[in-house]
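Model, not experiment: these values are computed from the prediction. Naming convention: chains lettered A, B, ... in sequence-line order (proteins, then strands); numbering from 1 in each chain.
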Amino acid sequence: MPTGPKQNRLLTALRIKRLRRSDLPPDTLALARYLIGKTLVRELPHGRLAGRIVETEAYPVGDAAGHAFGGKTPSRHSLFLPHGHAYVYFTYGSSFMMNVSSEEPGVGAGVLIRALEPLEGVKFMERSRRTRRLLDLTRGPGRLAQAFRIDKRLDGLPLWSSEKIWLGNAVRSAGPVGESVRIGINREVDRLYRFYERGNLFVSGPKKMRE
DNA sequence: TATGCGATATTCT
DNA sequence: GAATATCGCATAG
């Protein structure tokens with residue numbers, strides 16, 4: 001029986017199946033809810049990173065808090081791609097964040113991936129994040145982008161077929177899903193467009209926002 | 001655990 | 001010049 005690193009990896013690797021484009025609901029709110037429990041996979045030369053999506057926010061058509069509000073600009077182009085494409089942007093001088101475009105071609109809307117539960121590649125994430133605290137690796141949109149090496153080079157990629165980053169099925173089905181107002185915005189503040197797995201420690205924000 | 005604040009770069013006014 | 005879909009550190013309780 002052969003042993004060694006490769007064998008260990010095979011023993012521990014999760015079986016993650018790609019979501020097909022037809023699996024993704026072509027509607028922003030439906031997609032935001034659907035993605036809870038699903039998997040985000042990042043392929044890197046060193047190996048594979050995977051995380052379970054535990055928190056999302058919807059930025060639907062006509063939402064004044066959404067980046068698509070006010071029309072298409074070069075930097076926001078990817079939000080107007082057909083649903084299932086990555087929209088990556090940089091903000092606050094320090095953080096990248098990733099959305100999934102969520103409507104038909106030419107219509108701007110997206111779902112922000114806000115938090116993951118690490119599944120594979122924790123050691124690599126620790127190096128990327130420069131911390132060994134498991135709870136700090138992927139809790140929050142900026143942190144998960146850093147852990148997964150997500151930057152502008154991934155902007156516009158199709159998340160059902162890309163070799164670099166893609167969406168996978170749930171390795172563990174989602175528990176009860178909570179709804180709340182969104183975090184860090186100043187407009188449309190009363191909309192219940194944030195979705196999260198209740199009680200999951202990897203959900204961002206203050207404690208009461210994961211109950 | 002909660003709250004406050006400064007840092008930082010890109011985009012838009 | 002202002003605003004920003006945040007983070008990390010400091011401080012208080």
Asker: I'd like to know if the side chain of A:Arg182 reaches the main chain of A:Leu192, judged simply by a donor and an acceptor atom lying under 3.5 Å from each other, with no hydrogens or angles considered.
Answerer: no

Asker: For A:Leu144 and C:dG8, give me the distance from atom CG to atom P, rounded to whole Å.
Answerer: 12 Å

Asker: Please report the distance, rounded to the nearest Å, between CG in A:Leu79 and P in B:dT11.
Answerer: 14 Å

Asker: Hey, are A:Arg210 and A:Glu55 close enough for a salt bridge, meaning a charged N less than 4.0 Å from a carboxylate O?
Answerer: no

Asker: Could you tell me the separation between the CD atom of A:Glu55 and the P atom of C:dT6, rounded to a whole number of Å?
Answerer: 10 Å

Asker: What is the nucleic acid contact for A:Asn186, judged by heavy atoms within less than 4.0 Å: base, sugar-phosphate only, or nothing?
Answerer: sugar-phosphate

Asker: Report the base-pairing partner of B:dA2 (Watson-Crick or G-U wobble, both distances below 3.5 angstrom), or none.
Answerer: C:dT11

Asker: When all nucleic acid strands are considered with a 4.0 Å heavy-atom cut-off, which category describes A:Leu112: base, sugar-phosphate, or nothing?
Answerer: base

Asker: A:Arg129 near the nucleic acid: base, sugar-phosphate alone, or nothing, with a heavy-atom cut-off under 4.0 Å?
Answerer: sugar-phosphate

Asker: When you measure from the centre of the six-membered ring of A:Tyr196, is the NZ or CZ of A:Arg194 under 6.0 Å away and within 45° of the axis?
Answerer: yes

Asker: Check the distance between C:dG8's P and A:Arg139's CZ and give it to me in whole angstrom.
Answerer: 10 Å

Asker: For the atom pair NZ (A:Lys123) and CZ (A:Arg132), what is the distance rounded to the nearest 0.5 Å?
Answerer: 5.0 Å

Asker: Check nucleotides 1-10 of chain B against the protein and report each pair of N or O atoms closer than 3.5 Å, with its distance, or say if there are none.
Answerer:
{"residue": "B:dT8", "atom": "O2", "partner": "A:Tyr92", "partner atom": "O", "Å": "2.1"}

Asker: Rounded to whole Å, please give me the gap between NE2 in A:His77 and C1' in B:dC12.
Answerer: 19 Å

Asker: Please state how far atom CE in A:Met97 lies from atom P in C:dT4, giving the value in whole angstrom units.
Answerer: 13 Å

Asker: Just name whichever nucleotide pairs with B:dT8, Watson-Crick or G-U, keeping both distances under 3.5 Å, else none.
Answerer: none

Asker: Could you measure the distance from the CG atom of A:Leu119 to the CD1 atom of A:Ile16? Nearest 0.5 Å is fine.
Answerer: 6.5 Å

Asker: Please report the distance, rounded to the nearest Å, between CZ in A:Arg143 and P in C:dA5.
Answerer: 17 Å

Asker: Which atom pair, heavy atoms only, marks the closest approach of A:Met98 to A:Leu40?
Answerer: CE-CD1, 4.0 Å

Asker: Check the phosphate of C:dT6 against A:Arg114, side-chain N and O only, distance under 4.0 Å to OP1 or OP2. Yes or no?
Answerer: yes

Asker: Please report the distance, rounded to the nearest Å, between CZ in A:Arg133 and C1' in C:dG8.
Answerer: 11 Å

Asker: Just do the salt bridge (charged side-chain N to carboxylate O under 4.0 Å, His left out) check on A:Lys208 and A:Glu211 with the steps written out, would you?
Answerer: CA-CA 5 Å; A:Lys208 69 173 206 172; A:Glu211 289 169 352; over 6 Å; no

